Amino acid sequence: MELSKKVKSITPSQTIEITNTARQLKAEGVDVISLSAGEPDFNTPDEIIDAVNAAAKAGHTKYTASAGLPELREAITKKMQRDNNLTYDSTEIYVGNGAKQVLYNIFLATLNPGDEVIVPSPYWVSYTEQIKMVGGEPVTAVTGEDTHFKLTPELLKAHLTEKTKMLVLNSPNNPTGSVYSKKELQALSDVLAHTDIIIVVDEIYEVLTYGTKHVSIASLSDEVKARTIIVNGVSKSHSMTGWRVGYACGDAELISALAALTSQSTTSVAEPAQYGAIAAYNMDPEETEAYRAIFERRRDNAYEKISELPHVTCLKPEGAFYLFPHMQTCAEACGYKTVDEFVKNILREKHVAFVPGSGFGAPEYARISYSLGEEKFNEAISRIKEFIEEKTNA
């Protein structure tokens, strides 16, 4: 069967590919430790599961409005006011099947063929592929360790053209763990002042910051808010990755367009899952803080352990649950030309899975998730260290 040119051009997600490989090896009885997954290792809180069970038993198992349950959209407006000091009407809220689908629908609803979208790299693997899927042109703005992998005003200016339609920001960032400060966001917004360039900001890791505070660029001014689309969800904040509930906050006309796309594609998000998201946003904030504190401890442990690896350097992340170490020097010391080869052989020989940076636009790096317990994480790093020592001493 002949596939479309568009589908043939898609690069499969490396994170999902490696995670699936690790799962397959585990199913075959191999003792694999996966540092590739972008999801917490905790189960969804009982309070949420109980709310979903109650909703399902009460008959809430039907289609809903394509933009989401009114009750959930109202809960999101309250969350945005409480946590972000941002006021949205329910007509400015759209609920989709996970933040990934929300992003795709935003690109589909706003981009025309040839429109350019500035994407700072390292970037989450799906941004550039989704932009290409809808006919847009991703323009990569390469950042480095000198700016903690954050876009600067100078770099933004250098990539602006008459075709620029959109800027995509991600804070806290996947894969680097960097977090933009209010001052840094203000400097970027100043560059875009008096333009109609859309800002899409992915805030899915919002609650996971360490020693710094998350700031939404939309909170800087009414003018910036009018051009900003916030993307978020409950996947990372409430360990609900499999429930597939994400949302967008933004211009009411755009929100209506996103709902129209859903009406002709997936119809709506599963109703019980939406009731789960309502319960998530009604939880005691102290529970979210306890959850965040666990990941901060894991961050500290992970950074200490990664620092022990020979020939590897790494910035200390300020958010999310990833390390993004430079591994090219280490790969070469072990006899490999690329980090991709290095990573594949560690999985093959030591049964530790993590993701090469090539999928994030940074081939000299790798993404290592510390979303699992410290004991397992430390065992994985010990295996990697053993691999490095074996290869460099051979």
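Just so it is clear, the structure is predicted and the values come from calculations on it, not from any experiment.
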Side-chain contact, heavy-atom cut-off 4.5 Å: [X] with [Y]?
X: T241; Y: P40; answer: yes
X: V343; Y: V339; answer: yes
X: I255; Y: I93; answer: no
X: R297; Y: E374; answer: yes
X: R383; Y: I33; answer: yes
X: D115; Y: K163; answer: no
X: T110; Y: M166; answer: yes
X: F360; Y: V355; answer: yes

Pairs in or reaching into [range]: which pass salt bridge (charged side-chain N to carboxylate O under 4.0 Å, His left out), with residues at least two apart or in two chains?
range: residues 37-54; value: R23-E39, D41-R298
range: residues 259-268; value: none
range: residues 99-109; value: none
range: residues 341-361; value: E349-K391, K350-E386, K350-E390

Could you give all pairs that pass the ring-ring contact (aromatic ring centres under 6.0 Å, His included) test and reach [range], with sequence neighbours left out?
range: residues 64-90; result: none
range: residues 185-214; result: Y205-F321, Y205-Y322
range: residues 226-265; result: H238-Y281
range: residues 366-394; result: F342-F387

Does a donor on one side chain and an acceptor on the other come within less than 3.5 Å for D340 and S358?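 Note: D340 and S358 side chains meet the donor-acceptor criterion.
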
Looking at [atom1] of [X] and [atom2] of [Y], how far apart are the two atoms once the value is rounded to the nearest 0.5 Å?
X: I199; Y: K225; atom1: CD1; atom2: NZ; value: 13.5 Å
X: Y104; Y: L261; atom1: OH; atom2: CG; value: 9.0 Å
X: L258; Y: T262; atom1: CG; atom2: OG1; value: 7.0 Å
X: M133; Y: L111; atom1: CE; atom2: CG; value: 12.5 Å
X: Q328; Y: T338; atom1: CD; atom2: OG1; value: 7.0 Å
X: C314; Y: L309; atom1: SG; atom2: CG; value: 9.5 Å

Is [X] atom [atom1] crowded by more than 12 heavy atoms from other residues, nucleotides or ligands, each under 6.0 Å away?
X: N85; atom1: CG; value: no
X: E375; atom1: CD; value: no
X: H351; atom1: NE2; value: yes

Candidate pair E203 and S216, rule side chain to side chain donor-acceptor pair (under 3.5 Å), full reasoning: CA-CA 8 Å; E203 301 182 349; S216 177; 2.8 Å; yes

Atom pairs and distances, donor-acceptor, side-chain atoms in residues 282-296, under 3.5 Å, two or more places apart:
unit_1	atom_1	unit_2	atom_2	d
N282	ND2	I278	O	3.3
D284	OD1	E286	N	2.9
E289	OE1	R292	NE	3.0
E289	OE2	R292	NE	3.4
E289	OE2	R292	NH2	3.0
Y291	OH	K236	O	2.3
R292	NH1	T209	O	2.9
R292	NH1	E296	OE1	2.8
R292	NH2	E296	OE1	3.1

Output all residues satisfying ring pair (Phe, Tyr, Trp, His ring centres under 6.0 Å) with H326, sequence neighbours left out; order by chain, then residue number.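 Expected list: Y365.
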
Does one hydrophobic cluster hold both V179 and V231, with members joined at side-chain heavy-atom distances below 4.5 Å?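 Different clusters: V179 never reaches V231 through Ile, Leu, Val, Met, Phe, Trp or Tyr contacts under 4.5 Å.
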
How far apart are the C-alpha atoms of D196 and K165, what are their side-chain angles, what is the distance that settles it, and do they pass the salt bridge (Lys or Arg N to Asp or Glu O under 4.0 Å) test? CA-CA 8 Å; D196 58 359; K165 180 72 172 287; over 6 Å; no

Check whether any side-chain N or O of [X] sits under 3.5 Å from a backbone N or O of [Y] as a donor-acceptor pair, and report yes or no.
X: S256; Y: A252; result: no
X: D202; Y: I204; result: yes
X: D251; Y: L254; result: yes

Step by step, would you call L167 with V200 a side chain to side chain contact (heavy atoms under 4.5 Å, CB included)? CA-CA 6 Å; L167 166 67; V200 173; over 6 Å; no

Worked check of side chain to side chain donor-acceptor pair (under 3.5 Å) between N173 and S171: CA-CA 5 Å; N173 182 267; S171 178; over 6 Å; no

Using the rule given for side chain to side chain donor-acceptor pair (under 3.5 Å), can you reason through E206 versus S237, listing the C-alpha separation, both sets of side-chain angles and the distance that settles it, and then say yes or no? CA-CA 8 Å; E206 173 189 12; S237 61; over 6 Å; no

Which residue pairs pass the side-chain hydrogen bond (donor to acceptor under 3.5 Å, both in side chains) test with at least one member in residues 68-78, sequence neighbours excluded?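 Every candidate side-chain hydrogen bond (donor to acceptor under 3.5 Å, both in side chains) pair involving residues 68-78 fails, so no pair, neighbours aside, qualifies.
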
Do Y336 and E332 pass the side chain to side chain contact (heavy atoms under 4.5 Å, CB included) test, and can you show the C-alpha distance, the side-chain angles, and the key distance before you say yes or no? CA-CA 5 Å; Y336 302 102; E332 292 175 1; over 6 Å; no

Donor-acceptor contacts, no H, no angles, side chain residues 180-192, under 3.5 Å, sequence neighbours left out:
unit_1	atom_1	unit_2	atom_2	d
Y180	OH	L151	N	2.8
S181	OG	E184	N	3.1
S181	OG	E184	OE1	3.3
E184	OE1	K150	NZ	3.0
E184	OE1	S181	N	2.8
E184	OE2	K150	NZ	3.2
Q186	NE2	S189	OG	3.2
Q186	NE2	D190	OD1	2.9
S189	OG	L185	O	3.4
S189	OG	Q186	O	2.8

If you apply the rule side chain to side chain donor-acceptor pair (under 3.5 Å), what do you find for T64 with E271, and how did you get there? CA-CA 6 Å; T64 74; E271 189 176 19; over 6 Å; no

For side chain to side chain contact (heavy atoms under 4.5 Å, CB included), just list the numbers for N105 and Y94, CA-CA rounded to whole Å, side-chain angles, deciding distance to a tenth of an Å, and then say yes or no. CA-CA 11 Å; N105 281 356; Y94 160 76; 3.0 Å; yes

